[in-house]
Amino acid sequence: MSVRTRVAPSPTGDPHLGTAYVALFNFAFARQREGQFVLRIEDTDRARSTAMAETAILDALRWTGLDWDEGPDVGGAHGPYRQSERLDVYREHAEQLLGSGAAFRCFCTKERLDDVRRQQQARGETTRYDGHCLDMDPDEAADRADRGEAHVVRLNVPGTGVCRVEDGLRGEIEIPWAQTDMQVLVKSDGFPTYHLAVVVDDHLMGISHVLRGEEWISSMPKHRLLYDRFGWQMPVHYHLPLLRNPDHSKLSKRRNPTGLDYYRSTGYLPEALLNYLALMGWSMPDEREVFSLTEMIEAFDIERVSTGGPVFDFAKLDWMNGQHIRRLSPDEFMDRVGVWALNREALAPLVPLVQQRTERLSDLVSQVDYLLGDRRPLSMEDFNHKRLEPADCKRILDHAIRRLDDLQDWSRDTLHDSLRALAEVMDIGMRDFIAPLFIAVSGRAVSLPLFDAMSYLGRGRVRARLRSALEALGGVSKKEAKRLERGYRELW
RNA sequence: GUCCCCUUCGUCUAGAGGCCUAGGACUCCGGGUUUUCAUCCCGGCAACAGGGGUUCGACUCCCCUAGGGGACGCCA
C-alpha cells in the first residue's frame, strides 16, 4: 500500500509556522517513502473561514518550497480537497452513524449545556455532555429534525472503560472513555465538525499515516471510535511535539512572531526556515545540522522524532539563515535579494509614498530603511511626549495590538478606521494617540505615513515592533497584562 | 480541577544496558586570521529533575514523586 500523508490547515487566520512545521514532516515522510502528500483545506468553521486566508496559506506554503501532489489548487483523484465542498459526503456518513446508533440527535440549548458544564466544573469533573438526548426515541428525534427544529448530531461515547489507542512515537496510550465528550459531529448549520470531517476524509482520501500536532492526542478516542463505527482501519498516527515559546508554553503570536509572512518579509530564506524547523524534534543520523530539503527527504526517519517540546530559538534560526545565505553563489545571492523585496512588484506600494518626497534617487534608501530593514532599537526616552505619560503609551500600544489582532483586512484604510475608533473610545486625540505608534513602527519622529507603513510592513512585523516597543517601555508584567486586558474589554 | 503527554548543558539535540571522563550545534566568554566589522579557525563555561527498584553494570528498563506542557467548544 502506498504511503499517503496530508496537511490540513484551517483558513481562519494568517499562515502559521506550525502549519509549515507539520507540513514539512508530512512532506518528508511521504517523499521518503515515495508516496503522496495531500493538501486539504479544513474550512468547516463557517464563521471564521475566508477565501483570503486560504489563498494566503497556499501562497505561504508554496513559498516554503513544499509542494503537494493533490490539493484544491492542483486537483487529484480524491477531491474535492476543500471540506466545504464535501458536505454531502459528511451528511451521508452522519446518517450512517445515526442509523446504527453510533450517533444521536441532540436538541439541547446552549443555555442548558453551559449550565451542565458549569456544574461539572464546580464538581471538579472533566466537562462532558450529560447524555440528556441520548435516550430519546430516534424516530421522534428524526421527526423533530424534519420539522426543522435546530439540533446537532453527537457521537455516542461509552461512559465507562478505557480506550486504547496507538501513537507511533509514544506507543500505547490509554484514556478512560469517561474523559471523552459526546462530541458534536454535525453542527446545527449542517456543517461537520473537525472530528467527523477529519476521519471521513482521511479514510476516503486514503491517508495511510497521520502526522499532526500533539494537541490532538486527547481527541484520539473520538477518532478511534469513529473508525470503529464505520468499520474502517485507522491510519497510523504520529503526534509531533508542539513548538514552544521560550517559557515553554505552546508557541503563540502574542509572545513570538508565528506568521510565515513575518519570516518571509524579514528576509529568512525558506530553505533555512525549513532546515531549522526540521531540527525541531528531528535530527540527522550523522548529526549534520545544515542541510537541504532533498537531503532531509533522503535521510528522513519518523522514528528519529523526539517527543519533548522544542523551544523555538531565534538566535539559532538567525545563525541557520546565515549559513544558507553564505552558501549561495554571488549570482544566487543577487537573485534572492531581488525575490525578497527589490523587485517591481514588491516596491510598487512604496512608490506613491516615496516619489513625491524624493529629490535625489539616493534619498530613497534612508526613507525606506525601516520598511525594508529592521527598525532601530528603542528606549524609554523615545516615548517622551508632552501630553502622554509612559503608562499612556503602554496602554495605547497594548490596545492597538489587541485591536489589530482582531482585524480581518490589513489595508491602510481599515487600519486607519480601526485605530481611529480605538482612539475615540480611549478618549485620546488622534494626534497624540498616533505618536507612540509612530515611534514603535518607524523608530523615528519623522517618517512616511503611519498607516501606509503598517500596511506595507504586514501584521507580523507590525505586531513584533509594537511588542518590542512595549518592552522598551519597561515591559508588561502578568498583573499589568490582566489589567490592560480588562481595561480594553471595558472600552467597547 | 479531571485526563493525557513530556523530562540529557540556558536553547536544539546525540545517546536504543557496558563504547559516557555524557558527544555535537546555537548562545555566551576567551584567543587567532583580517585595515574595521562580519565570516572563518581554535579554546572554554555548561546537562542525564529527584527517589526507589531490576541488573554484575544504568542516561538508557520499571515504579513513585516533582516539574513542564496539552486537552477538556456547535474552533481547528
Side-chain angles (χ1 to χ4, degrees), chain A residues 8-13 16 18-19 40-49 83 106-110 113-114 117 120-129 150-154 162-163 165 167 169-171 173-198 212-222 239-251 275-290 303-323 325-327:
Chain A
S10 168
T12 52
H16 198 275
T19 305
R40 183 173 70 223
I41 294 294
E42 310 229 317
D43 55 349
T44 55
D45 185 341
R46 249 174 157 173
R48 295 195 304 153
S49 298
Q83 291 186 327
C106 168
F107 298 84
C108 292
T109 61
K110 185 174 184 308
L113 295 173
D114 287 346
R117 232 189 303 269
Q120 288 170 330
Q121 241 148 28
R123 269 181 269 130
E125 297 167 10
T126 298
T127 54
R128 183 179 198 266
Y129 181 67
H151 70 286
V152 300
V153 175
R154 285 182 186 275
V162 296
C163 175
V165 289
D167 175 273
L169 298 174
R170 283 158 263 255
I173 297 172
E174 292 190 356
I175 300 175
W177 281 118
Q179 290 298 320
T180 303
D181 198 7
M182 297 194 211
Q183 182 64 46
V184 170
L185 299 177
V186 181
K187 310 177 209 179
S188 51
D189 66 1
F191 273 56
T193 58
Y194 168 82
H195 302 280
L196 208 220
V198 77
R212 66 202 327 183
E214 195 182 354
E215 76 262 40
W216 294 110
I217 289 181
S218 44
S219 302
M220 279 188 91
K222 294 167 190 173
H239 290 92
L240 303 172
L242 255 24
L243 265 22
R244 310 291 184 95
N245 295 313
D247 70 355
H248 291 95
S249 57
K250 177 173 158 178
L251 193 70
N275 188 168
Y276 181 67
L277 249 16
L279 257 22
M280 302 271 85
W282 185 75
S283 61
M284 280 279 195
D286 62 2
E287 297 191 58
R288 190 163 22 126
E289 298 207 309
V290 183
E303 299 296 325
R304 288 187 65 84
V305 172
S306 52
T307 45
V311 171
F312 196 88
D313 179 8
F314 290 83
K316 188 151 181 179
L317 204 218
D318 285 346
W319 168 81
M320 179 66 81
N321 204 48
Q323 292 298 312
I325 283 180
R326 281 171 216 125
R327 281 162 206 227

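Residue numbers begin at 1 in each chain, while the letters A, B, ... track the order of the sequences. In this text the structure is predicted, and so the values were computed from the model without any measurement.
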Review point. With a non-hydrogen cut-off below 4.0 angstrom, is A:Thr127 in contact with a base, only sugar-phosphate, or nothing?
Key: sugar-phosphate
**Study point:** Nearest-Å distance for atom pair CZ/P, residues A:Arg244 and B:U7
**Key:** 11 Å
Check your understanding: If you check every side-chain atom of A:Ser10, which of B:C74, B:G70, B:A76 has the closest atom?
Key -> B:A76
Review point. Of the nucleotides B:C74, B:U11, B:A76, which one has an atom closest to the side chain of A:Val184?
Key: B:C74
Revision key, fill the gap. Atom CH2 of A:Trp177 and atom P of B:A71 are separated, to the nearest Å, by 20 Å
Exercise for review: For A:Lys187 and A:Asp45, work out which heavy atoms get closest and say how close.
Suggested key: NZ-CA, 3.8 Å
Review point. Using the C1' atom in both, what is the distance from B:U21 to B:C59, to the nearest Å?
Key: 15 Å
Exercise for review: Answer yes when A:Glu214 and A:Arg170 have at least one side-chain N-carboxylate O distance shorter than 4.0 Å, and no when they do not.
Suggested key: yes
Point to revise | Pair A:Gln83-A:Ile41, side-chain contact (heavy atoms from CB on, under 4.5 Å): steps then yes or no | key: CA-CA 6 Å; A:Gln83 291 186 327; A:Ile41 294 294; over 6 Å; no
Review point. Any donor and acceptor pair, going by atom type alone, linking the side chain of A:Arg304 with main-chain N or O of A:Ser283 inside 3.5 Å?
Key: yes
Review point. Could you give the CG-to-P distance, from A:Leu243 to B:G68, as a whole number of Å?
Key: 20 Å
Check your understanding: Where do A:Asn275 and A:Val290 come nearest, in terms of heavy atoms and distance?
Key -> OD1-CA, 3.4 Å
Check your understanding: Which nucleotide in the set B:U11, B:G70, B:C74 lies at the smallest distance from any side-chain heavy atom of A:Val311?
Key -> B:U11
Exercise for review: Find the partner of B:C9: check Watson-Crick (N1-N3 plus N6-O4 or O6-N4) and G-U wobble (N1-O2, O6-N3) distances, both under 3.5 Å, and reply none if neither fits.
Suggested key: none
Point to revise | Residue A:Ile175, side-chain heavy atoms: nucleotide from B:C26, B:A76, B:C3 that is nearest | key: B:C3
Check your understanding: When rounded to the nearest Å, what value does the distance between C1' atoms of B:A58 and B:C26 take?
Key -> 30 Å
Revision key, fill the gap. Rounded to whole Å, CG of A:Leu279 lies from P of B:U27 at a distance of 14 Å
Point to revise | Options B:C40, B:C5, B:G24, nucleotide nearest the side-chain atoms of A:Glu214 | key: B:C5
Study note, to complete from the structure: CD of A:Gln179 to SG of A:Cys163, rounded to nearest 0.5 Å, is 12.0 Å
Exercise for review: Answer yes or no: side-chain N or O of A:Gln183 and base N or O of B:G73 forming a donor-acceptor pair under 3.5 Å.
Suggested key: no
Practice item. Provide, to the nearest angstrom, the distance between the NZ atom belonging to A:Lys316 and the P atom belonging to B:C28. Key: 14 Å
Point to revise | Interatomic distance at P, B:C19 relative to B:G1, whole Å | key: 42 Å
Practice item. Just name whichever nucleotide pairs with B:C37, Watson-Crick or G-U, keeping both distances under 3.5 Å, else none. Key: none
Exercise for review: With P as the reference atom in both, quote the distance from B:G31 to B:C37 in angstrom, rounded to an integer.
Suggested key: 13 Å
**Study point:** Pairing partner of B:G73 (Watson-Crick or G-U wobble, both distances under 3.5 Å)
**Key:** none
Practice item. Can you tell me, in whole Å, how much space there is between the P of B:A22 and that of B:G50? Key: 15 Å
Review point. If you check the A:Arg154 side chain, which of B:U7, B:C74, B:U11 turns out closest?
Key: B:C74
**Study point:** For the student: nearest non-hydrogen atoms of A:Leu185 and A:Leu196, plus distance
**Key:** O-CB, 3.6 Å
Exercise for review: Would you mind reading off the distance between A:Lys250 atom NZ and B:A71 atom C1', rounded to a whole angstrom?
Suggested key: 9 Å
Check your understanding: Within the structure shown, what part of the strands sits under 4.0 Å from A:Glu289 by heavy-atom distance: base, sugar-phosphate, or nothing?
Key -> base
Review point. Taking a pair as Watson-Crick or G-U wobble with both distances under 3.5 Å, which nucleotide is matched to B:U54?
Key: none
Point to revise | Of the listed nucleotides B:G70, B:U13, B:U7, the one nearest the side chain of A:Thr307 | key: B:U7
Review point. How far, in whole Å, is B:C48 from B:G17 if one measures between their C1' atoms?
Key: 15 Å
Check your understanding: According to a strict under-4.0 Å criterion, is A:Thr193 in side-chain N/O contact with OP1 or OP2 of B:C74?
Key -> no
Review point. Which part of the nucleic acid, if any, lies within reach of A:Glu303 when heavy atoms closer than 4.0 Å are counted: base, sugar-phosphate only, or nothing?
Key: nothing
Check your understanding: Reckon A:Gly213 touches a base, only the sugar-phosphate, or nothing at all at heavy-atom distances under 4.0 Å?
Key -> nothing
Review point. Parallel, tilted or perpendicular for A:Trp216 and A:His195, by the 30°/60° rule?
Key: perpendicular
Point to revise | For atom CZ of A:Arg170 and atom P of B:A71, their distance in whole Å | key: 14 Å
Practice item. Hunt down the Watson-Crick or G-U wobble partner of B:U21, both distances under 3.5 Å, from any strand shown, or write none. Key: none
Exercise for review: Give A:Thr44 one of three labels, base, sugar-phosphate or nothing, depending on what nucleic acid heavy atoms sit under 4.0 Å from its own.
Suggested key: sugar-phosphate
Point to revise | Under 3.5 Å donor-acceptor pair, A:Ser218 side-chain atoms to B:C72 base atoms | key: no
**Study point:** Separation of atom CD in A:Gln179 from atom P in B:G70, rounded to whole Å
**Key:** 18 Å
Review point. Which nucleotide sits closest to the side chain of A:Asp181: B:G73, B:C75, B:C4?
Key: B:G73
**Study point:** Of A:Ser249 and A:Glu42, the one whose closest RNA chain B nucleotide lies more 5'
**Key:** A:Ser249
**Study point:** Selected nucleotide, minimal atom distance to A:Trp319 side chain, candidates B:C75, B:A25, B:G70
**Key:** B:A25
Exercise for review: Would you mind classifying the nucleic acid contact of A:Trp216 as base, sugar-phosphate or nothing, using non-hydrogen atoms under 4.0 angstrom?
Suggested key: base
Point to revise | Touch class at under 4.0 angstrom, heavy-atom based, for A:Gln120 against every strand present | key: nothing
**Study point:** Stepwise side-chain contact (heavy atoms from CB on, under 4.5 Å) check, A:Asp181 with A:Thr127
**Key:** CA-CA 7 Å; A:Asp181 198 7; A:Thr127 54; over 6 Å; no
Practice item. Can you tell me, in whole Å, how much space there is between the P of B:G10 and that of B:A49? Key: 12 Å
**Study point:** Distance between P atoms of B:G67 and B:C45 (Å, rounded)
**Key:** 33 Å
Check your understanding: How would you label the contact of A:Arg288 with the nucleic acid (heavy atoms, under 4.0 Å): base, sugar-phosphate, or nothing?
Key -> nothing
Exercise for review: Tell me what A:Met220 touches on the nucleic acid: a base, only sugar-phosphate, or nothing, going by heavy atoms under 4.0 Å.
Suggested key: nothing
Revision key, fill the gap. Closest to the 5' end of RNA chain B, once A:Arg48 and A:Met280 are matched to their nearest nucleotides, is A:Met280
Check your understanding: Counting side-chain heavy atoms from CB outward, which of B:A76, B:U2, B:G15 is closest to A:Arg304?
Key -> B:G15
